[in-house]
Number of protein chains: 2
Amino acid sequence: MESLTQAEENYLKAVFKIGEKDNKAASTNAIAGILNTTAASVSDMLKRLAGKGLLHYEKHRGATLTEKGSELATNLVRKHRLWEVFLVKTLHFSWDEVHEIAEQLEHVQSDELIDRLDFFLEKPQFDPHGDPIPDAQGNFTMRRQVPLPSLAIGERAVVVGVQESSVAFLKYLDKIKLELGARVQVLERFEYDGTLKIELNSNEEITISHKVSENLFVQKTK
Amino acid sequence: MESLTQAEENYLKAVFKIGEKDNKAASTNAIAGILNTTAASVSDMLKRLAGKGLLHYEKHRGATLTEKGSELATNLVRKHRLWEVFLVKTLHFSWDEVHEIAEQLEHVQSDELIDRLDFFLEKPQFDPHGDPIPDAQGNFTMRRQVPLPSLAIGERAVVVGVQESSVAFLKYLDKIKLELGARVQVLERFEYDGTLKIELNSNEEITISHKVSENLFVQKTK
DNA sequence: AAATACTTTTAGGCTTGTCTAAAAATAAGA
DNA sequence: TCTTATTTTTAGACAAGCCTAAAAGTATTT
Ligand SMILES: [Mn+2]
Ligand SMILES: [Mn+2]
Ligand SMILES: [Mn+2]
Ligand SMILES: [Mn+2]
């Protein structure tokens, strides 16, 4: 089995990401959106990847990964997230700077390298954005997390992840000093637009928009 | 200035390597040999790189890097060697396993990444094979090193580098426990074929062929 | 159901990077 | 110097990946 090109790997990851979130076939347009390319290019590539047995593809009804494609994609996600941990924990990048670099590092081909990196980082289970890192067998550690807006008034929780990883969003969180591990308690909800007033780390009150809160994952605490 | 493809970068490095060693224009064949490709492909690429102002190229008389090409190549060498240090020092790879991986890592584009890696590794001046690592400005640390066979009988020295980095050679050195930093003293030279008998770390006598000794760089000591 | 909007595919073209085979240039040997 | 060997370039082809424009298919409105 000869290895994939970077382009092929990126397509696999895109199909994986769409299937993971919506649990449905990845549409041509959705893939094009993620990879910043055209629908025409995507059609082209889907045909080729289907030919290689990495995904199922029927014209006009999108693509889903095969077993083999899914394994490869999972391994890419593993590599991507491990590199992100390395960049933040070891090289002290901030969490909004690492995605682009990991996007390149994930394509370096060496299983030994990833094994050793994993060991060096002490087998982390989550990346800097709170996303789970699959182990070498492809198993994800699942976590009982919910979107922040699902909490009732008075409930306490710990922020464990972000739904979106855009630079703008992450920088905003830095600014309001809201990082992973932060303790929050919902103080008040403005029903008009979903704005939330929350207590942060038992020492500060902040107000965040619905747009922000729905992109935060938390784990309830007592 | 838009960035180079991996192929282009590899060609620049090849031209650099040839020019560095022999201090002459890189021939089409020599480049093809290093990059494991055909002379035809090399001719093609040299034309394109010359068009981009990265090297001087005249038909039938090889290529030499321009100032700009030289800067880019030096930076690639820096990246390659820093990654090799990372792989050996941080991830504990052995020195014969790192070249291939660094060959890929060197193409990751992020100046910030290399800066931080350099800092994390404490700005090493030499890579695991004893080759100098240029600093961010492109300056190499030069060292007064000579090939082992140039020592006179009785002279003492420290092994500081290898000329060749083939897996076979490095594994052989591991086997005879000859690593960088080893102290050697020349005991005897067999003029017939240049075989050397040397004392290793003041506690062992070993015999090495001329082929081996000419690939070892040493620094004389008193 | 027909019209309109949107999505997806096809057709055709371009660049990059490779190859083999043949031609041309240079170097080496007689 | 002339001939032969070697090196290098050119010619022509191909796969991967991308693009734009046009055609075809699907979904949504009216
Ligand atoms: Mn990528
Ligand atoms: Mn991430
Ligand atoms: Mn390389
Ligand atoms: Mn090296």
Side-chain angles (χ1 to χ4, degrees), chain A residues 1-15 18-19 21-22 24-65 69 72-73 76 103-104 106-107 109, chain B residues 1-15 18-19 21-22 24-65 69 72-73 76 103-104 106-107 109:
Chain A
M1 168 71 193
E2 56 166 39
S3 65
L4 304 178
T5 63
Q6 294 203 187
E8 289 172 324
E9 291 190 335
N10 286 335
Y11 275 92
L12 281 189
K13 249 191 5 165
V15 174
I18 294 166
K21 179 178 291 177
D22 309 341
K24 58 164 209 238
S27 77
T28 305
N29 256 1
I31 297 169
I34 288 177
L35 297 180
N36 232 310
T37 182
T38 61
S41 301
V42 175
S43 283
D44 225 52
M45 181 62 102
L46 289 183
K47 262 180 268 174
R48 263 178 290 151
L49 291 176
K52 292 192 178 190
L54 300 176
L55 47 79
H56 302 293
Y57 169 56
E58 274 181 286
K59 280 199 217 174
H60 294 103
R61 56 201 55 207
T64 53
L65 296 177
L72 289 168
L76 282 164
E103 203 55 53
Q104 300 177 64
E106 72 191 359
H107 302 292
Q109 315 238 261
Chain B
M1 168 72 193
E2 56 165 41
S3 65
L4 303 178
T5 63
Q6 294 203 188
E8 289 171 326
E9 291 190 335
N10 286 334
Y11 274 93
L12 280 189
K13 250 191 5 165
V15 174
I18 294 165
K21 177 178 292 177
D22 310 341
K24 56 163 208 236
S27 75
T28 305
N29 256 2
I31 298 169
I34 288 177
L35 297 180
N36 232 309
T37 183
T38 61
S41 302
V42 175
S43 282
D44 227 53
M45 182 62 102
L46 290 182
K47 262 181 267 173
R48 263 179 288 155
L49 291 176
K52 292 192 177 189
L54 301 176
L55 47 79
H56 302 292
Y57 169 56
E58 275 180 288
K59 280 199 219 175
H60 294 103
R61 57 201 57 208
T64 53
L65 296 177
L72 288 169
L76 281 165
E103 202 55 53
Q104 300 178 63
E106 72 191 358
H107 302 293
Q109 316 237 261

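All chains are named by letter (A, B, ...) in the order of the sequence lines, taking the proteins before the strands, and each is independently numbered beginning at 1. The model shown is predicted, which means the values in this text are computed figures rather than measured ones.
- Comparing atom distances between the Ser43(A) side chain and each of dT9(C), dT26(C), dG17(C) picks out dT9(C) as nearest.
- Counting heavy atoms from C-beta on, the side chains of Glu103(B) and Lys13(B) come closer than 4.5 Å.
- One interatomic measurement links the two molecules: CZ of Arg61(B) to P of dA24(C), which rounds to 19 Å at whole-angstrom precision.
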Pick out the pairs of N or O atoms, protein on one side and nucleotides 20-22 of chain C on the other, that lie under 3.5 Å.
none

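- For Tyr11(B) and dT18(C), the shortest distance from a side-chain N or O to OP1 or OP2 is below 4.0 Å.
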Distance-only donor-acceptor pairs under 3.5 Å for side chains of residues 56-63 of chain A, two or more places apart:
none

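- The interatomic distance linking Asn36(B) (CG) with dC19(C) (C1') rounds to 14 Å, in whole Å.
- The distance between atom CG of Leu46(A) and atom P of dT9(C), rounded to the nearest whole Å, is 7 Å.
- Separating the NE2 atom of His60(B) from the P atom of dT26(C) is a distance of 6 Å, rounded to the nearest angstrom.
- In this structure Ala14(A) satisfies the side-chain contact (heavy atoms from CB on, under 4.5 Å) test together with Ile31(A), Ile34(A), Leu35(A), sequence neighbours excluded.
- Nearest heavy atom pair, residue Thr64(A) against residue Ala25(A), reads CG2-CA, 3.7 Å.
- Note on Lys59(A): a side-chain N or O is less than 4.0 Å away from OP1 or OP2 of dT10(C).
- If you measure from atom CE of Met45(B) to atom P of dC19(C), you get 11 Å, rounded to the nearest angstrom.
- Between Thr37(B) and Tyr11(B), the closest side-chain pair of non-hydrogen atoms falls below 4.5 Å.
- A 4.0 Å heavy-atom criterion places the boundary nucleotides of DNA chain D facing chain B at dT7(D) to dT10(D), written 5' to 3'.
- The two residues Glu9(B) and Glu106(B) have their closest heavy-atom pair at OE1-O, 4.4 Å.
- For the pair Ile31(A) CD1 and dT8(C) P, the computed distance is 9 Å after rounding to whole Å.
- When side chains are defined from C-beta on, Leu54(A) does not count as touching Val15(A), because their heavy atoms never get closer than 4.5 Å.
- Atom-to-atom, CG of Leu49(B) to C1' of dT16(C) comes out at 12 Å; the value is rounded to the nearest Å.
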Can I get a per-line list of side-chain donor-acceptor pairs under 3.5 Å for residues 39-49 of chain B, giving both atom names and the distance, sequence neighbours left out?
from     : atom 1 : to       : atom 2 : distance (Å)
Ser41(B) : OG     : Thr38(B) : OG1    : 3.0

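- Place Gln6(A) and Asn29(B) on DNA chain D by their nearest nucleotides, and Asn29(B) ends up nearer the 5' end.
- Two end axes, each from the C1' atoms of five base pairs, can be drawn for the helix from dA1(C)-dT30(D) to dA30(C)-dT1(D); they diverge by 0°, to 10 degrees.
- At least one side-chain heavy atom of Asn10(A) sits less than 4.5 Å from a side-chain heavy atom of His107(A).
- The CD atom of Glu8(B) sits 8 Å away from the P atom of dT16(C) (whole-angstrom rounding).
- At the heavy-atom level, Ala39(A) lies under 4.0 Å from base atoms of the strands shown.
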